[in-house]
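Here is the structure we will look at.
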Amino acid sequence: TVFMKDKKIYSGVHRLAAVFLSVLLVLSLFFPRAAAAEQEEVVLRVAFPNAEGYTSLSEDGSPVGVVVDYLNEISKYTGWKYEYIPTGNAVGDFQDGKFDLLGGTFYSEGLEDIFGYPDYNCGYTEAKLMARKDDASIRSYDTGTLNGKIIGAYDRSTENIQRLKDWLTIQALDCEIRYYSRDDLEHGNLYNRLESGEVDLLLGYGTDMPDTLYAAASFGGQAHYIVAQPDNQAILDQLNMALEQIYAADPDFSEKEQEKNFADNMTGYAVLTERELSYIAEKGTVTVAVPDNWHPLYCVGIDDYHEGFVP
């Protein structure tokens, strides 16, 4: 009886040991893979042009803008990390494969071979007619001064051009639209055509606009996207998954981001007439009365990252 009892105990211990070894075998197969998955970090290269509202640096040097906000939110679902790379030729560098992602991109059917568009956009941005600050013949508060002007436009911006034509009709303006091809772009834009005086106005979005220019008028709205390389379906699938989850959790996410990043993106510039310039030259010092702390016109002395439109 004692022998039989010891035999049963031995048998039970043997079975227990076998189960324990089996568990260890399973864990040894699972946990290394899990650990490797946790250690595997996906770092995507992101184009970072100086485009106010989209991609720029804050006073402390941190990346800010609607593209940055979206990518931070997307990373909560994908685990992506980002390397923001400054560029003065975002489109050209993207075509050369230097980036995985490019934000602030507008849809055009003719650009689907260059950009991989996700199913979801990142909000809407107004189109702008940009003018030179030294052109006193154009006044942003008087649309009649735009009549008869030559407007430069990128020929592939078909949706934007149609919006422009509709807006010109509504405003009863007769303007010539001069079209430019991709070969005419310089650093991905047509600012040189406006700065040289070849055209009087330029249709665009004011992205990375030189200090010599300003938005004389704005209208309509077009969706902008964070795009991937067109042949990288894996990134596009992740983008779609994340954006779908973001909008499911907060349907107003894009509206909040637009208000946050473009609230101070004003249209207009105080262009002085010859008579006003003569008065200032004669006067020497001009006194200006402004309401104190009147955002966004006068913000001197308050923590608002700018002094206001008047100063």
Side-chain angles (χ1 to χ4, degrees), residues 40-51 53-56 63 65-125 127 153-163 179-190 203-208 221-248 253-254 257-258:
E40 186 177 352
E41 190 175 83
V42 178
V43 180
L44 300 183
R45 301 163 301 163
V46 181
F48 203 81
N50 181 25
Y54 293 97
T55 49
S56 60
V66 66
V67 175
V68 177
D69 290 347
Y70 261 90
L71 288 177
N72 288 340
E73 196 69 19
I74 288 170
S75 70
K76 296 177 182 178
Y77 298 91
T78 61
W80 288 343
K81 304 293 183 183
Y82 307 109
E83 178 189 2
Y84 292 108
I85 304 175
T87 176
N89 184 17
V91 175
D93 289 344
F94 186 82
Q95 287 181 268
D96 291 339
K98 296 180 180 180
F99 309 120
D100 301 302
L101 297 173
L102 172 63
T105 308
F106 302 96
Y107 177 77
S108 173
E109 185 176 351
L111 296 177
E112 288 185 340
D113 58 330
I114 300 175
F115 303 129
Y117 292 96
D119 297 334
Y120 303 91
N121 65 58
C122 297
Y124 293 81
T125 302
Y154 181 43
D155 60 4
R156 292 198 176 193
S157 300
T158 52
E159 188 175 347
N160 231 15
I161 291 171
Q162 186 57 53
R163 285 195 177 93
Y179 300 98
Y180 293 93
S181 68
R182 186 190 302 180
D183 294 336
D184 297 318
L185 300 178
E186 184 174 303
H187 302 301
N189 60 65
L190 294 167
L203 176 64
Y205 297 95
T207 304
D208 201 18
Q222 186 173 357
H224 60 89
Y225 296 79
I226 295 175
V227 298
Q229 293 292 344
D231 59 350
N232 197 325
Q233 192 60 46
I235 288 182
L236 278 173
D237 289 342
Q238 289 282 285
L239 267 179
N240 281 322
M241 178 276 295
L243 289 170
E244 182 178 14
Q245 294 297 323
I246 289 170
Y247 290 135
F253 185 82
S254 66
E257 285 299 318
Q258 292 298 116

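A quick note: this is a predicted structure, and the numbers were derived from the prediction, not measured. As a basis for the values below, the full set of heavy atoms in this structure was taken, side chains included, without hydrogen atoms, waters or symmetry mates. Counting begins at 1 with the first residue of the sequence.
- Across every non-hydrogen atom of L111 and F106, the tightest pair is CD1-O, 4.4 Å.
- The only option from R156, R163, Q162 that meets the side-chain hydrogen bond (donor to acceptor under 3.5 Å, both in side chains) definition with E159 turns out to be R163.
- When atom types are taken as modelled, the side chain of Q229 and the backbone of F94 share a donor-acceptor pair closer than 3.5 angstrom.
- With rounding to the nearest 0.5 Å, the separation of OH in Y225 from SG in C122 is 9.0 Å.
- With hydrogens and angles ignored, the 3.5 Å screen pairs a side-chain donor or acceptor of Q222 with a backbone N or O of Y107.
- A ring-centre distance under 6.0 Å is found for F253 and Y70.
- Between Y77 and I246 the shortest side-chain heavy-atom distance falls below 4.5 Å.
- Between the side chains of S181 and D155, no donor-acceptor pair is found at a separation under 3.5 Å.
- I74 places none of its side-chain heavy atoms less than 4.5 Å from the side chain of Q238.
- Of all non-hydrogen atoms in I85 and K98, the two that sit nearest each other are CD1-O, 4.2 Å.
- Put simply, the side chain of Y154 never gets that close to the backbone of L190: no donor and acceptor are under 3.5 Å apart.
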- Task: Would you check, one step at a time, whether the test side chain to side chain contact (heavy atoms under 4.5 Å, CB included) holds for Y82 with V43?
- Result: CA-CA 5 Å; Y82 307 109; V43 180; over 6 Å; no
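- G104 approaches V67 most closely through the heavy-atom pair N-CG2, 3.7 Å.
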- What do the steps show when you test N50 against S56 for side chain to side chain donor-acceptor pair (under 3.5 Å), and what is the final call? CA-CA 5 Å; N50 181 25; S56 60; 5.1 Å; no
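- Heavy-atom neighbours of Y124 OH from other residues, nucleotides or ligands within 6.0 Å: at or below the threshold of 12.
- Contact annotation: the side chain of K81 never approaches that of L44 to less than 4.5 Å [non-hydrogen atoms, C-beta and beyond].
- Annotation: the span from T78 atom OG1 to M241 atom CE amounts to 6.0 Å, rounded to 0.5 Å.
- Ring centroid separation for the pair F99 and F48 does not come in under the 6.0 Å cut-off.
- Remark: L239 CG to E244 CD distance equals 12.5 Å, nearest 0.5 Å.
- Considering every non-hydrogen atom in both D113 and P230, the closest pair reads O-CG, 3.6 Å.
- We find the OH-OG distance between Y117 and S108 to be 6.0 Å, quoted to the nearest 0.5 Å.
- A127 and L203 get closest at one heavy-atom pair: CB-CD1, 4.4 Å.
- Here the CD atom belonging to Q95 is positioned 4.0 Å from the CD1 atom belonging to I114, to the nearest 0.5 angstrom.
- Listed for the N121 side chain is a donor-acceptor partner under 3.5 Å among the backbone atoms of G123.
- Aromatic ring orientation, Y54 versus H224: perpendicular (interplanar angle above 60°, classes split at 30° and 60°).
- Side-chain atoms of N240 come within 3.5 Å of backbone N or O of L236 as a donor-acceptor pair.
- Minimum interatomic distance between T87 and A90 (heavy atoms only, all atoms of both residues): OG1-N, 3.5 Å.
- Note that the CG atom of D100 and the CD atom of E83 stand 9.0 Å from one another [nearest 0.5 Å].
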